[in-house]
**Q** 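Here it is, the structure, as structure tokens.
Below, all heavy atoms of this structure are taken into account, side chains as well, without hydrogens, waters or symmetry copies. It should be emphasised that the depicted structure is a prediction, and the values quoted were computed from it without experimental measurement.
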Amino acid sequence: MNKLIPIEIEGQKIVQLSQLTIDQANDLRSWLPSDGLKKVNLHGVELQDCLSFETYEYWFKTNHVLSKAYETILDF
């Protein structure tokens with residue numbers, strides 16, 4: 001699993017669920033509380049499926065440990 005690079009908007013680092021694969025997005029969505037996603041306005045466009053990069057990063061690290069999906073340079 002590749003880690004997303006955050007978008008910085010008004011000093012906040014965020015990621016969009018739509019940048020993930022469907023399986024990853026579903027896993028993350030089921031892990032988040034019901035109010036975990038937020039809407040962010042970027043140049044007049046409303047991004048619907050955003051979350052803080054800190055939250056995503058915590059989920060990413062937890063997901064790797066729980067799934068034991070460790071990758072090395074040899075896996076690529």
**Q** Less than 4.5 Å apart, side chain to side chain, heavy atoms only: is that true for Leu47 and Ile9?
**A** yes
**Q** Is there side-chain contact between Leu17 and Tyr56, with heavy atoms separated by less than 4.5 Å?
**A** no
**Q** Would a hydrophobic clustering, with Ile, Leu, Val, Met, Phe, Trp and Tyr connected at side-chain separations under 4.5 Å, put Ile14 with Leu37?
**A** no
**Q** Using the test side chain to side chain contact (heavy atoms under 4.5 Å, CB included), find all partners of Ser34 that sit at least two apart in sequence or belong to another chain.
**A** none
**Q** Do the non-hydrogen side-chain atoms of Ile7 and Val15 ever get within less than 4.5 Å of each other?
**A** no
**Q** Okay, side chain of Asp49, backbone of Gln16: is any donor-acceptor separation there less than 3.5 Å?
**A** no
**Q** Does atom NZ of Lys38 have more than 12 heavy-atom neighbours from other groups under 6.0 Å away?
**A** yes
**Q** Is there a path of hydrophobic side-chain contacts, each under 4.5 Å between heavy atoms, that joins Val40 and Leu51?
**A** no
**Q** Rounded to the nearest 0.5 Å, what separates atom CG in Asn26 from atom CZ in Arg29?
**A** 6.5 Å
**Q** A side-chain contact here means heavy atoms from C-beta on lying under 4.5 Å apart; do Leu32 and Trp59 qualify?
**A** no
**Q** Can you tell me how far the NZ atom of Lys13 sits from the CG atom of Leu4, to the nearest 0.5 Å?
**A** 13.5 Å
**Q** According to side chain to side chain contact (heavy atoms under 4.5 Å, CB included), who are the partners of Glu54, at least two apart in sequence or on a separate chain?
**A** Ser52
**Q** What pairs with Glu10 under side chain to side chain contact (heavy atoms under 4.5 Å, CB included), at least two apart in sequence or on another chain?
**A** none
**Q** Less than 4.5 Å apart, side chain to side chain, heavy atoms only: is that true for Trp31 and Tyr58?
**A** yes
